[in-house]
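Some notes on the structure that comes next.
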2 protein chains.
Amino acid sequence: MASERKAREHSLKTRKAILDAAEKIMREEGYAAVSSRRIAETAGLKSQLVYYHFGVMDDLFLALFQREEERFFVEHARAMSAPNPLRALWRLSLDPPTTRLTQEFVGLANERTSIRKEIARSKQRFRSLQTTFVARMLESLGVGDASELSHVLPFVVVAVSSALVSEKGLGISDGHAAVLAYFDKKLSALDAEAFPAEARSLASH
Amino acid sequence: MASERKAREHSLKTRKAILDAAEKIMREEGYAAVSSRRIAETAGLKSQLVYYHFGVMDDLFLALFQREEERFFVEHARAMSAPNPLRALWRLSLDPPTTRLTQEFVGLANERTSIRKEIARSKQRFRSLQTTFVARMLESLGVGDASELSHVLPFVVVAVSSALVSEKGLGISDGHAAVLAYFDKKLSALDAEAFPAEARSLASH
DNA sequence: GTCTATAGGCCGATAGAC
DNA sequence: GTCTATCGGCCTATAGAC
C-alpha cells in the first residue's frame with residue numbers, strides 16, 4: 001500500500017531528525033548535554049518520540065555512533081586512495097567536526113559500558129586499516145624496520161591531530177603552527193617518496 | 001585559643017576528605033559522576049558539607065584542579081631535572097592516574113566555562129615550560145631548526161602518551177608496544193646526546 | 001506514529017535548628 | 001561546623017488515549 005510506504009518514509013525522516021539533533025548537541029555542547037528533552041527541543045518534536053524510535057538512550061547513542069562510523073569510513077577510504085595518503089589521513093584527522101565528535105564518544109564510553117565496546121571495536125578497525133596501509137607503503141620503499149614504524153606512524157598522526165583539535169576547543173593554539181608545518185612537511189615528503197608524481201602520471205595512462 | 005586551632009584543623013581535614021572523594025570518583029567514573037551526594041557517600045559525610053566548605057560545585061572543581069596542578073608541577077619539575085629529562089617527561093605523561101584525571105578535566109572544561117579558563121591557563125603554562133626547556137636542550141646540541149622542533153617535540157610527547165592512556169582505558173592496546181619502544185628509544189637517545197653520562201659525572205664533582 | 005500525563009530518581013542549592 | 005528538611009529542576013522511561 002502507498003500509505004505504508006509513506007508511513008515508513010515519515011518514520012525514517014523522524015529518526016533522521018532525532019539523530020541530527022543529537023549529533024548537533026553532542027558536537028556543540030558535549031555528550032552530557034544530550035538528553036531526550038534537549039533533542040526534542042532542537043528537532044521540534046516531543047521527547048517521547050526519542051524512546052519510541054530508539055528505545056533507551058544507549059540505543060540512540062549506538063545508532064548515532066554507527067551512522068558516524070559509516071560516514072567516517074567513506075572519508076577514510078577516500079583519504080587512503082588519495083595521491084598523498086598520509087597527508088590526507090592527517091588532514092582528515094584534523095577536521096574539527098569529525099574529531100570533536102570522536103572525542104565526545106570516547107568520553108561517553110567512560111560512562112556507558114554498552115558504548116565502550118563499540119568505540120573500542122571501531123578504533124581498532126581503523127587502526128588496523130591504517131597500519132596495514134602504512135606497512136605496505138613502507139615495504140615498497142624498502143624501509144627496514146617497517147613493522148615498528150607502521151604502528152608508530154598512524155598512531156602519532158591520529159594522536160597529534162586529536163590533541164590539536166582538543167586544545168583548539170579549549171582556546172589554545174600555542175605551538176600549533178609549528179606542529180602543523182612539521183607534519184605537513186614530513187608526511188608530504190614520505191608520500192612523495194612512496195608515490196612519485198611520475199609513477200602516478202604513468203599509471204593513469 | 002586552642003579550640004580555634006583545633007576547629008581550623010578539623011575544617012581542613014573535612015576539606016581534604018571532600019577533595020579526596022571527588023578525585024577518586026572523577027578518576028574511577030569520570031567527572032559526570034561527581035556530585036555532592038556521591039562525594040558525601042564516598043567520604044562518609046553529609047552532602048551539604050560540600051556546599052558549606054566549597055560554595056558551588058564549580059568552586060569545588062576549581063579547588064580540586066588547583067590541588068592537582070600543584071602536585072603535577074612538582075612531578076614535572078622533578079622530571080625536567082632528571083638525568084634523562086625527555087624520557088622522564090614521557091614516562092610522567094604516561095602515568096595513568098595523572099593523565100586520566102587531566103583528560104577528565106578537559107572534558108569538564110567543555111561543560112563549565114569557569115573551568116575552561118583554568119585548564120587552558122594550566123596547559124599553556126606547562127607547554128611553555130617544556131618548550132623553553134627543549135629549546136635550550138636543542139641549542140646546546142647545535143641543532144639548526146631548534147625553534148620548530150622545540151614546539152613539536154613536547155607537543156608530540158604529551159599527545160601520544162595521552163592517547164595511549166586513553167586507549168588503555170577503552171581496553172585497546174593494539175600497537176602500543178611498538179609506540180612505547182619507539183619513543184623510549186628515540187627520547188633516550190636524544191637525552192644521552194644532550195646530557196652525556198661523562199659530563200654529568202664530571203659536573204657532580 | 002504522535003499525543004498527554006505522570007511516575008520515580010538524582011541533582012544543586014538554601015533555610016534554619018543545634 | 002554539622003545537622004534535618006525541603007524546594008525546584010532536569011532527567012529516563014512508561015501507560016494509555018487518539
Ring centres under 6.0 angstrom apart (B:Phe126, B:Phe72): yes
B:Tyr51 side chain near C:dT14 phosphate (N/O to OP1/OP2, under 4.0 Å): no
Interatomic distance where CD1 belongs to B:Ile18 and P belongs to C:dG12 [whole Å]: 13 Å
A:Glu9/A:Lys13 salt bridge by N-O under 4.0 Å criterion: no
Between C:dC10 (C1') and A:Glu111 (CD): distance, integer Å: 14 Å
Sugar-phosphate, base or nothing in reach of A:Thr14, heavy atoms under 4.0 Å: sugar-phosphate
Nucleotide nearest B:Lys46 (side chain, heavy atoms from C-beta), chosen from C:dG1, C:dC11, D:dC3: D:dC3
Whole-Å distance separating the CZ atom of B:Arg5 from the P atom of D:dG1: 14 Å
Nearest listed nucleotide, side chain of B:Met57, among C:dG12, D:dT2, C:dT2: C:dG12
Interatomic distance, B:Asp59 CG vs C:dT14 P [rounded to whole Å]: 11 Å
D:dA13 phosphate, OP1 or OP2, under 4.0 Å from A:Ser36 side-chain N/O: no
Pairwise side-chain contact, B:Arg87 with B:Leu190, heavy-atom cut-off 4.5 Å (strictly under): no
Residues in side chain to side chain donor-acceptor pair (under 3.5 Å) contact with B:Arg78, at least two apart in sequence or another chain: none
Atom-to-atom span, CZ of B:Arg15 to P of D:dT2 - whole angstrom: 12 Å
A:Ser35 side chain near D:dC10 phosphate (N/O to OP1/OP2, under 4.0 Å): no
Protein-nucleotide distance (B:Arg37, atom CZ; D:dC7, atom C1'), rounded to Å: 11 Å
Side chain of A:Gln48 - closest among D:dA13, C:dG1, D:dG1: D:dA13
Touch class at under 4.0 angstrom, heavy-atom based, for B:Ser11 against every strand present: sugar-phosphate
Spacing of B:Leu60 atom CG relative to C:dC11 atom P, expressed in whole Å: 14 Å
For atom CZ of B:Arg8 and atom P of D:dG1, their distance in whole Å: 9 Å
B:Leu49, nearest nucleotide to its side chain (from D:dA13, C:dC11, D:dC3): D:dC3
A:Arg27 side chain to A:Leu101 backbone, donor-acceptor under 3.5 Å: no
